[in-house]
Protein chains: 2
Amino acid sequence: MKSETYRNTKQRSRILEILCHTDSHPTASWLYDQMKPEFPSLSLGTVYRNLGILEEQGLLKKLRSGSTFDRYDANTYPHAHFCCTECGSIYDMRDVEIPDMVQTVNKQTPHNVLEINLSYMGICEECLKKK
Amino acid sequence: MKSETYRNTKQRSRILEILCHTDSHPTASWLYDQMKPEFPSLSLGTVYRNLGILEEQGLLKKLRSGSTFDRYDANTYPHAHFCCTECGSIYDMRDVEIPDMVQTVNKQTPHNVLEINLSYMGICEECLKKK
DNA sequence: ATTAGTAATCGGAATGATTACGAATAAAGG
DNA sequence: CCTTTATTCGTAATCATTCCGATTACTAAT
Ligand SMILES: [Mn+2]
Ligand SMILES: [Mn+2]
Ligand SMILES: [Zn+2]
Ligand SMILES: [Zn+2]
């Protein structure tokens, strides 16, 4: 499942760099489009495989709540999201302390809670303006 | 998008009935397998279409957090879920009052928060026993 | 009860995001 | 350099879900 050693490739480090410099929670194909000019022979499968590797290295998180395609987040500190059901955009939220919630909930269940996915769904500020 | 009038069909009402009598958050294909003996000519597309119709009627909710396939929940009262990353099972949680959270969060954001998706991820009680 | 209108069904094909493959390439250590 | 093998690329396969057109069957009006 996991490889023994990881190598540094231009493609992988650029994927992580792009993710670290945006707060837009990109999709795999958006990353592909961004990188295609710089890597003309880039394969979409390479983007997906590297996203998977970066995830198992703990350098990013895959977001699957929301639409039909996954989004990726290099902000690994536990935080809530706002997902706009109109335009699909995702915003970071910092008003709830997720780590505290994990502690609290673990005392209330027989299960072992490891992390929390918290998403607020609704209409974003931009989409509200357009009405 | 939406049809003008809905008709009562045996297939649709049975789907809702099954969902109302389970707390296991079934998948479309699980519902299909359950109903196949009673409806030998049932089509999987019929299950999906009816789940969509029941959702737009507000009689169930689609759960997309977690794995690669959707699950369905006829418990429409806002509640949190525990999702086991080992076996994929989903449990209802009632320790957090979601409606109160919606109120609170709306005062803290410029967006319009309509609902909250809250999932605890981890290892369930059953899977913990097997270790 | 008959009829007309049109949702809903079924079966299969299409879609779209993601994953898997195998041959060629390139990172990394000696 | 040389060797090893992780990684790439291009393409094919997968899998859940949606779409299609012909047929069926609700429902309300006659
Ligand atoms: Mn984020
Ligand atoms: Mn539930
Ligand atoms: Zn929006
Ligand atoms: Zn489990």
Side-chain angles (χ1 to χ4, degrees), chain A residues 1-19 25-57 59-73 83 88 90, chain B residues 1-19 25-57 59-73 83 88 90:
Chain A
M1 184 76 51
K2 301 186 179 186
S3 52
E4 318 217 337
T5 56
Y6 296 109
R7 293 176 181 173
N8 290 331
T9 69
K10 303 186 190 75
Q11 292 92 336
R12 184 179 305 157
S13 51
R14 179 54 50 90
I15 288 173
L16 184 58
E17 186 179 31
I18 294 175
L19 280 174
H25 309 87
T27 65
S29 79
W30 184 90
L31 286 164
Y32 174 80
D33 292 340
Q34 288 295 114
M35 295 173 63
K36 194 67 175 173
E38 184 180 2
F39 301 88
S41 64
L42 181 66
S43 171
L44 183 55
T46 296
V47 176
Y48 274 108
R49 185 171 13 77
N50 278 314
L51 286 168
I53 290 173
L54 290 167
E55 185 184 27
E56 75 186 25
Q57 290 179 318
L59 297 173
L60 59 80
K61 287 210 55 184
K62 185 191 290 190
L63 309 179
R64 28 186 41 161
S65 56
S67 40
T68 76
F69 36 79
D70 296 337
R71 291 172 168 272
Y72 296 87
D73 192 345
C83 308
I90 300 184
Chain B
M1 186 71 54
K2 300 187 178 185
S3 53
E4 319 220 336
T5 57
Y6 297 108
R7 293 177 180 172
N8 291 331
T9 68
K10 303 184 189 73
Q11 293 90 337
R12 185 179 306 158
S13 50
R14 178 53 50 91
I15 287 173
L16 184 57
E17 186 179 29
I18 294 175
L19 279 175
H25 309 85
T27 65
S29 80
W30 184 89
L31 286 163
Y32 174 79
D33 291 340
Q34 289 294 116
M35 295 174 63
K36 194 68 176 173
E38 184 181 1
F39 301 87
S41 65
L42 181 67
S43 170
L44 184 55
T46 296
V47 177
Y48 274 108
R49 186 171 11 78
N50 278 315
L51 287 169
I53 290 173
L54 291 167
E55 185 185 26
E56 75 186 25
Q57 290 178 320
L59 296 172
L60 59 78
K61 286 208 55 184
K62 183 191 290 191
L63 309 179
R64 28 187 39 160
S65 56
S67 40
T68 74
F69 36 80
D70 295 338
R71 291 169 168 274
Y72 297 88
D73 191 346
C83 308
I90 298 185

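Per chain, numbering begins at 1; letters A, B, ... match sequence-line order.
The NZ atom of A:Lys10 sits 11.0 Å away from atom CG of A:Asn8, with the distance rounded to the nearest 0.5 Å.
Checked against salt bridge (charged side-chain N to carboxylate O under 4.0 Å, His left out), A:Arg12 has no partners two or more places apart in sequence or in another chain. For A:Arg7, there are no salt bridge (charged side-chain N to carboxylate O under 4.0 Å, His left out) partners, not counting sequence neighbours. Taking the side-chain hydrogen bond (donor to acceptor under 3.5 Å, both in side chains) definition, one finds that A:Lys62 meets it with nothing, sequence neighbours left out. In this structure B:Ile18 satisfies the side chain to side chain contact (heavy atoms under 4.5 Å, CB included) test together with B:Arg14, B:Trp30, B:Leu31, B:Gln34, B:Met35, sequence neighbours excluded. By the side-chain hydrogen bond (donor to acceptor under 3.5 Å, both in side chains) test, B:Tyr48 pairs with no residue at all, sequence neighbours left out.
Using a 4.0 Å cut-off between a side-chain N of Lys or Arg and a carboxylate O of Asp or Glu, B:Arg64 and B:Asp70 qualify as a salt bridge.
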Please enumerate all protein N or O atoms sitting under 3.5 Å from an N or O of nucleotides 14-19 of chain D, with distances to 0.1 Å.
unit_1: D:dT17; atom_1: OP1; unit_2: B:Asp70; atom_2: N; d: 2.6
unit_1: D:dT17; atom_1: OP1; unit_2: B:Asp70; atom_2: OD2; d: 3.1
unit_1: D:dT17; atom_1: OP2; unit_2: B:Tyr48; atom_2: OH; d: 2.1
unit_1: D:dT17; atom_1: O5'; unit_2: B:Tyr48; atom_2: OH; d: 3.2

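Separating the CG atom of B:Leu51 from the P atom of C:dT9 is a distance of 11 Å, rounded to the nearest angstrom. In this structure, CG of B:Leu54 is placed 13 Å from C1' of C:dA8, rounded to the nearest angstrom. Atom CD1 in A:Ile53 sits about 12 Å away from atom P in C:dT19, given to the nearest Å. Rounded to whole angstrom, the span from the CZ atom of B:Phe39 across to the C1' atom of C:dG11 amounts to 18 Å.
When all heavy atoms of A:Ile90 and A:His25 are compared, the closest pair comes out as O-ND1, 3.3 Å.
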Point to revise | Footprint string (nucleotides 25-30 of chain C, 5' to 3'): B base within contact, S backbone only, - free, heavy atoms under 4.0 Å | key: -BBS--

Which pairs would a plain distance check flag for residues 40-47 of chain B, meaning a side-chain donor or acceptor within less than 3.5 Å of a matching protein atom at least two apart in sequence or in another chain?
unit_1: B:Ser43; atom_1: OG; unit_2: B:Gly45; atom_2: N; d: 3.3
unit_1: B:Thr46; atom_1: OG1; unit_2: B:Arg49; atom_2: NH2; d: 3.3

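Residues B:Leu19 and B:Pro26 have side chains in contact (heavy-atom distance under 4.5 Å, counting atoms from C-beta outward). With a 4.5 Å cut-off on side-chain heavy atoms, B:Leu63 and B:Tyr72 do not count as touching.
Bending across the helix from C:dA1-D:dT30 to C:dG30-D:dC1, expressed as the angle between its end axes from five pairs apiece, amounts to 40° (10° rounding).
Closest to the B:Arg12 side chain, of the nucleotides C:dG11, D:dC9, C:dA8, is C:dA8.
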